[in-house]
Amino acid sequence: MKTAILNHLLYTVGKQALGATARDWFLAAAHAVRDRVTERWMPTLDGYYRDDVKRVYYLSMEFLIGRTLVNSLINLDLYDTVRDALQALGQDFEEVAAWEVEAALGNGGLGRLAACLLDSMATTGVAGFGYGIRYDYGMFTQHIEHGWQVESPENWLRYGNPWEFPRPGVIFPVRFGGRVIHFRDSRGHDCTQWVDAEEVMAMAYDIPVPGFGGERVNNLRLWSAKSTREFDLKYFNAGNYIEAVRDKNESETLSKVLYPSDLTVRGKELRFKQEYFFVAASIQDILARFRKSHSNWDRLPDKVAIQLNDTHPALVVAELMRVLVDEHRVPWEQAWTITQGCCAYTNHTLLPEALETWPVELFARVLPRHLEIIYQINHEFLQGVRYRHPGDSELLGRVSMISEGAEKRVRMAHLAVIGSHKVNGVAAIHTGLMKSTIFSDFEHLSPGKIVNRTNGVTPRRWLLAANPRLSALITRHIGAGWITELDQLRRLEPLADDPAFCAEFVEVKRANKRAMAEMMAQRLGIETDPDSLFDVQVKRIHEYKRQLLNLLHVVVRYARIRANPLLESQPRTVIIGGKAAPGYVLAKLIIKLVNDISEVVNNDPLVGRRLRLVFLPNYNVSVAEMVMPAADLSEQISTAGTEASGTGNMKMAMNGALTIGTWDGANVEICEEVGEENMFLFGLTAQEVARYRVDGYDACARVRANKDLAMALDMIASGFFSPDQPDRYRSLIDTLTVGGDHYLLTADFASYMAAQDRVDRAYADAEGWTRKAILNVARMGKFSSDRTVIEYARDIWGVDLGR
Ligand code: 26V
């Protein structure tokens with residue numbers, strides 16, 4: 001390994017040991033590791049080809065991968081080897097590894113889930129291929145200036161990406177615009193062609209995805225936009241250099257940047273084009289691979305499963321139909337059976353503002369043939385509905401793929417549902433709500449099509465790699481089988497009553513908290529007490545996730561200490577982290593509020609060590625890897641019915657945090673596993689929330705009725721934390737009062753405060769807390785993404801894993 005690293009330093013990086021920077025060492029080590037991954041990659045792909053296995057294509061606009069070095073080392077069992085080799089070369093492993101810029105090609109939960117599923121597919125033996133976009137700029141970097149979020153672009157490819165293989169030979173044209181012509185061919189068949197379109201090229205970059213154990217290495221293929229050769233020719237022919245280069249630039253903007261909002265992209269034509277760009281390239285690649293060993297299109301669903309990660313790749317349905325019908329002359333009905341047989345769709349949110357629709361006008365301009373196909377699919381679908389439900393014209397309007405109104409729009413979720421053989425939600429409660437709310441008509445029309453697949457997270461990254469101390473402790477007691485069979489963690493249960501084990505467990509948590517505290521002191525200049533309760537809420541900033549509810553608790557706690565300076569109170573460190581979409585004004589205001597409150601609380605000598613509030617800047621995968629192992633309390637406090645699943649909830653519980661949470665998303669199933677006595681559940685149920693919203697309720701009356709709530713809101717609204725601009729938070733507080741409090745913070749406030757009191761009492765009993773924390777770890781087996789993948793494989797993908 002030493003020689004391999006030195007060779008790469010010399011021949012790949014072009015440096016000598018003398019004069020090499022830590023980044024040079026990182027690149028050299030990464031290439032040495034990549035060599036080992038590559039050795040197992042080729043045989044894996046050959047094997048798939050030889051055995052003609054069914055392939056699963058996971059299409060996602062986002063893969064939130066994070067750093068790769070440590071993860072690869074762990075999956076290949078080379079961690080110690082490389083650490084020792086670097087040591088022998090005079091380099092500190094951790095310092096070298098820290099130079100890796102993470103691949104942040106995603107917004108949050110949806111993108112991170114895609115990355116976990118890739119890891120689990122490679123580990124469990126699914127021939128799984130990711131397809132996505134190689135953004136030049138992934139998620140922005142968040143800086144905090146005077147308490148406000150400021151975004152800056154992250155040029156993550158500046159020093160090269162050692163994990164990728166450019167494939168200049170794998171390049172497909174993608175067309176936009178033009179018009180459609182219909183004609184009759186020489187044999188009298190009706191034909192359709194899409195002509196006069198502009199062309200952009202999609203070039204492949206491959207990233208190997210090693211499974212744990214290193215036996216199998218799958219592939220993630222990301223597309224990058226390149227201008228077509230014609231642009232270069234134009235430059236030669238017309239001699240108009242500037243124009244030619246401008247065209248080149250414009251076509252290459254397609255893969256320039258990830259949209260940093262997980263809310264809505266209304267009216268963003270570039271986003272629509274990005275979606276088609278990666279769909280068209282992926283479908284060409286998938287079909288070309290199929291055609292290498294098959295000629296009968298009817299066998300496509302036997303060999304190809306296409307999983308649509310939300311509706312972002314839903315154009316697959318229209319594109320597959322177009323290629324089969326227009327280009328390969330497959331009869332429409334037959335093409336439809338094939339398309340439905342291949343496609344399945346995962347829904348990740350019920351929030352109406354996040355449900356994608358695109359104006360018909362935009363479709364007609366950018367993808368005219370696809371619009372025709374969508375109209376045709378819709379027509380036939382509605383015929384069927386009309387036949388089964390004669391006279392129900394309202395039903396037709398509700399399930400149509402086209403929404404009528406001031407502006408006609410294509411409903412991408414309806415396209416995805418109608419074009420798929422299975423549709424799934426990501427937690428039991430979420431799937432239930434899909435069936436009873438946004439997709440209830442489809443549930444009646446095609447019972448059984450909508451199924452649940454509860455999310456999971458990969459225990460390799462989120463326990464083994466992120467928390468080496470706890471992993472070592474677990475392995476010492478129950479062996480290493482848990483790494484690929486997380487249910488084995490159950491064997492820890494009896495150890496929750498073993499004082500020696502408990503002491504070791506406590507020591508692990510304390511060490512993780514010390515490391516986190518050191519980081520916060522170093523980077524943020526905030527001193528925290530590692531013996532205080534680390535109360536963590538890390539996730540995107542959204543009203544529905546209710547970071548503001550968390551802050552109200554902090555303010556009440558602070559006010560109590562001020563009112564009674566001698567008050568005995570459990571020391572707390574409240575940590576909040578997350579990015580706001582750049583255009584989401586209220587979310588950005590919430591970040592400023594965290595910083596304003598922390599400024600006051602952390603500098604108030606009356607408070608002492610009893611309370612700290614920390615805003616953790618630039619929350620990303622690498623930061624998460626440090627935070628999850630250090631959390632005592634996991635805040636999962638969304639309004640019931642709004643968080644599809646959550647996956648941070650799983651990561652924290654798996655690392656021994658207790659959850660304070662609502663009856664929402666996967667919290668419900670975590671509770672089923674770990675037991676209600678080992679969590680702090682509170683608040684309205686999803687049913688009650690729905691009731692409240694229908695009946696309407698008086699948020700202002702709620703505020704008047706609760707002294708703590710009224711006081712906290714008044715402190716914030718009156719400028720106690722923002723003396724430089726006393727009305728800064730007026731608009732934010734108004735959303736909770738005169739604004740109607742859509743996310744029901746005022747309704748859940750009292751119950752949340754009571755749950756926080758239970759937390760304090762539980763934490764005061766150190767032994768009891770430790771026991772609960774151990775039981776949380778022991779009972780989290782269900783939430784391995786290996787289990788999730790196996791469930792998808794069985795009857796969504798139709799892949800036999802021999803289990
Ligand atoms: C929506 C949009 C709208 C268009 C602009 C770009 C964009 C990007 C992402 C999204 C979808 C966000 C949905 C999402 O991330 N859902 C999360 O999915 C997690 C994995 O299933 C789940 O654990 C979280 O509860 C859910 O919020």
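In this chain, residues are counted from 1 in sequence order. Every number for a ligand or one of its atoms is a count from 1 in the order of the listing.
Lys273 forms a cation-pi arrangement with Phe176, by the criterion of a distance under 6.0 Å to the ring centre and an angle within 45° of the ring axis. The side-chain tip of Arg546 does not point at the ring of Tyr743 from less than 6.0 angstrom away and within 45° of straight on. Lys579 forms a cation-pi arrangement with Phe140, by the criterion of a distance under 6.0 Å to the ring centre and an angle within 45° of the ring axis.
Residues Tyr584 and His542 place their aromatic rings such that the two centres sit under 6.0 Å apart. Ring to ring, Tyr544 and His742 are not that close: their centroids are 6.0 angstrom or more apart. Aromatic rings from Phe278 and Trp223 are positioned such that their centres are separated by 6.0 Å or more.
Using a 4.0 Å cutoff on heavy atoms, Arg271 counts as a contact of ligand 1. Ligand 1 has no atom lying under 4.0 Å from any heavy atom of Arg112. The closest approach between a heavy atom of His430 and any atom of ligand 1 is not below 4.0 Å.
Evaluated by nearest non-hydrogen atom to atom 22 (C) of ligand 1, the leading choice among Gly646, Gly109, Ser261 is Gly646. Nearest to atom 20 (C) of ligand 1 by heavy atom, out of Asp310, Asn649, Val426, Asn455, is Asn455. Checking His542, Arg540, Met412, His312 against atom 11 (C) of ligand 1, the nearest heavy atom belongs to His312.
Classified by interplanar angle (parallel below 30°, tilted 30° to 60°, perpendicular above 60°), the ring pair Phe682/Tyr752 is tilted.
Residues Arg540 and Asn107 bring a donor and an acceptor atom of their side chains to less than 3.5 Å of each other.
Taking a cutoff of 4.0 Å between a charged side-chain nitrogen and a carboxylate oxygen, Glu407 and Arg409 qualify as a salt bridge.
Residue contact check: Tyr544 has heavy atoms under 4.0 Å from atoms 27 (O) of ligand 1. Counting atoms of ligand 1 from 1 in the listed order, those under 4.0 Å from a heavy atom of Glu62 are 8 (C), 9 (C). Less than 4.0 angstrom separates some heavy atom of Ala644 from each of these atoms of ligand 1: 25 (O).
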key: Worked verdict on Leu549 versus Leu551 for side-chain contact (heavy atoms from CB on, under 4.5 Å)   = CA-CA 5 Å; Leu549 182 59; Leu551 288 176; over 6 Å; no

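Note: an N/O pair closer than 3.5 Å links Glu643 and ligand 1 by distance alone. Considering backbone and side-chain N/O of Ser645, one or more are found under 3.5 Å from N/O of ligand 1. Between His348 and ligand 1, at least one pair of N/O atoms sits closer than 3.5 Å.
In this structure, the protein non-hydrogen atom closest to atom 14 (C) of ligand 1 is Leu110 CB, 3.8 Å. Nearest protein heavy-atom contact of atom 4 (C) of ligand 1 is Val265 CG2, 3.6 Å.
With a heavy-atom cut-off of 4.0 Å, Glu356 does not touch ligand 1 at all. Of all the heavy atoms of Met61, none lies under 4.0 Å from any atom of ligand 1, so neither backbone nor side chain is involved.
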